[in-house]
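In what follows, a single structure is set out as structure tokens and then discussed.
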Amino acid sequence: MTTDTTSAVREHWDRAAKTYDGLRGHGLFTDRERAAWCGLLDRVLPSGTKRVLDIGTGTGFLALLLAEMGYAVTGVDNAPGMLDTASHAARDAGHDIRFVLGRAVLTEADGVGDLAALHGETFDAVVSRHVLWTMPQPEVALRAWRGATAPGGAVIAIDGTWWGGSTRGRAGAVVGRALRHALGGPREHGTAVYSRNGAETFPLMAVRSPQPAHNAFLRSGLHDVRSEYLDGIDTVERREMSFADRLASPWRRYLVEGTA
């Protein structure tokens, strides 16, 4: 990925920071959604987990839930605007979360240098949400995440088939987004920096199943890799959505996890 693309990605998420959580499927809107996400985290985090690293923390969605559940959380992100939003949210909620500025978008050229801000720390678990698809070399990023995980700890990625559904589903999403905006709802965050570079640069951008991410976990050297669709989470969130929002969100979320 070129330096120009890297800068454009960072600027994109900086611009999105203040409005990101206003979109259904991005932010947290109901107690039912909160319970579903906390239930998922409780189920997949290994017994004995205490310290968790949230890669690409963004507005702090996972970090805030994890802190609420009693974990010691560090969130890392390369967009200062996102970290500022997350820090304010944590402060308002009374959570002591450490946020670190550092790039999670790793390539062979970067190595693990972009996690140097963590000073060689290791964590019982490394988690991410809606991040792995943005990696130009997913297995390289996962190797770095594995390196930040204590032996026997878990690396967990939550992602989705964002652009990989059926032609009908993709067409419906375009209509749904336009309808939502026409009705006064928030506009979808532009992703031109990703769509312009396409799957050649971001190989997990348009997947149709968890399998490509599952394969990247295996190639990164993680063990006991497994994957699952998170249809339960999607169902809970869509239950609260308007017709336009449901039409605009045809994707399926999935989770992949492995052991360091």
Side-chain angles (χ1 to χ4, degrees), residues 36-58 60-78 83 86 90 95-108 110-135 137-160 204 210-230 233 253-260:
W37 280 101
C38 287
L40 172 66
L41 293 170
D42 187 58
R43 175 168 64 85
V44 299
L45 285 170
S47 175
T49 296
K50 295 180 180 178
R51 303 178 69 240
V52 183
L53 173 64
D54 181 17
I55 291 279
T57 190
F61 183 98
L62 287 184
L64 288 161
L65 289 175
L66 289 163
E68 183 179 307
M69 295 170 70
Y71 295 102
V73 187
T74 296
V76 60
D77 203 285
N78 69 321
L83 287 183
H95 295 317
D96 182 17
I97 301 173
R98 181 177 63 146
F99 291 107
V100 178
L101 182 65
R103 283 175 54 209
V105 182
L106 301 175
T107 66
E108 291 284 5
D110 295 322
V112 297
D114 284 326
L115 297 181
L118 300 175
H119 306 295
E121 292 179 72
T122 57
F123 300 81
D124 302 314
V126 172
V127 301
S128 69
R129 176 181 181 263
H130 305 176
V131 172
L132 192 60
W133 75 267
T134 69
M135 299 294 108
Q137 294 178 324
E139 63 276 12
V140 175
L142 286 165
R143 284 202 295 271
W145 301 357
R146 186 193 71 193
T149 310
V155 175
I156 299 168
I158 297 167
D159 227 289
L204 298 183
Q211 194 60 51
H214 186 111
N215 293 341
F217 265 65
L218 292 172
R219 290 194 298 269
S220 74
L222 288 159
H223 308 287
D224 303 320
V225 176
R226 70 169 198 91
S227 52
E228 63 175 284
Y229 282 110
L230 299 179
I233 294 283
R253 276 202 190 86
Y254 60 80
L255 174 146
V256 186
E257 69 173 333
T259 303

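Computed from a predicted structure; not experimentally measured.
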So does Trp133 get a backbone contact from the side chain of Asp159, meaning a donor-acceptor N/O pair under 3.5 Å? yes

Within the structure provided, determine whether Tyr71 and Leu41 are in side-chain contact (heavy-atom separation under 4.5 Å). no

Working to the nearest 0.5 Å, report the span between NE2 of His95 and CG of Leu66. 10.0 Å

Taking Thr122's backbone N and O only, do any of them form a donor-acceptor pair with Arg51's side chain (distance below 3.5 Å, no angle check)? yes

From Ile156 atom CD1 to Phe217 atom CZ, the distance as rounded to the nearest 0.5 Å: 8.5 Å

Flag side-chain contact, heavy atom, 4.5 Å: Leu255 against Arg226: yes

With the side chain counted from C-beta on, respond yes when Phe99 and Asp77 share a heavy-atom pair under 4.5 Å apart, and no when they do not. no

Minimum heavy-atom distance between Ala63 and Asp54, given as atom pair plus value: N-OD2, 3.4 Å

Taking the side chain as every heavy atom from C-beta outward, state whether Val127 and Arg129 have any atom pair closer than 4.5 Å. no

Shortest non-hydrogen contact from Leu83 to Gly75? CD2-O, 4.5 Å

Please round to the nearest 0.5 Å and tell me the distance separating atom CG of Leu45 and atom NZ of Lys50. 14.5 Å

Nearest heavy atoms of Ala216 and Glu139, plus distance in Å: O-CB, 3.8 Å

What is the minimum heavy-atom distance between Ala86 and Gly60, and which atoms define it? CB-N, 3.8 Å

Quick check for you: to the nearest 0.5 Å, what is the distance between Arg143 atom CZ and Ser220 atom OG? 7.5 Å

Going by heavy atoms in the side chains, are His130 and Arg253 under 4.5 Å from each other? yes

Rounded distance [0.5 Å steps], CG in Leu64 versus CE in Met69: 13.0 Å

Ile158 and Leu40, any side-chain heavy atoms less than 4.5 Å apart: yes

Locate the shortest heavy-atom distance separating Leu204 from Pro212; write the atom from each residue and the value. CD2-CB, 3.6 Å

Residues that Glu68 engages under salt bridge (charged side-chain N to carboxylate O under 4.0 Å, His left out), provided they are two or more places apart: Arg34

So, using salt bridge (charged side-chain N to carboxylate O under 4.0 Å, His left out) as the criterion, who are the partners of Arg146 when residues are at least two apart? none

If you compare all heavy atoms of Ala150 against all heavy atoms of Ala260, which two are closest, and at what distance to 0.1 Å? O-CB, 3.8 Å

Taking Val126 as the fixed residue, which of Thr74, Val52, Ile55 is the one that meets the side-chain contact (heavy atoms from CB on, under 4.5 Å) rule? Ile55

As an exercise, state the distance from CD1 of Ile97 to OG1 of Thr57, rounded to the nearest 0.5 Å. 7.5 Å

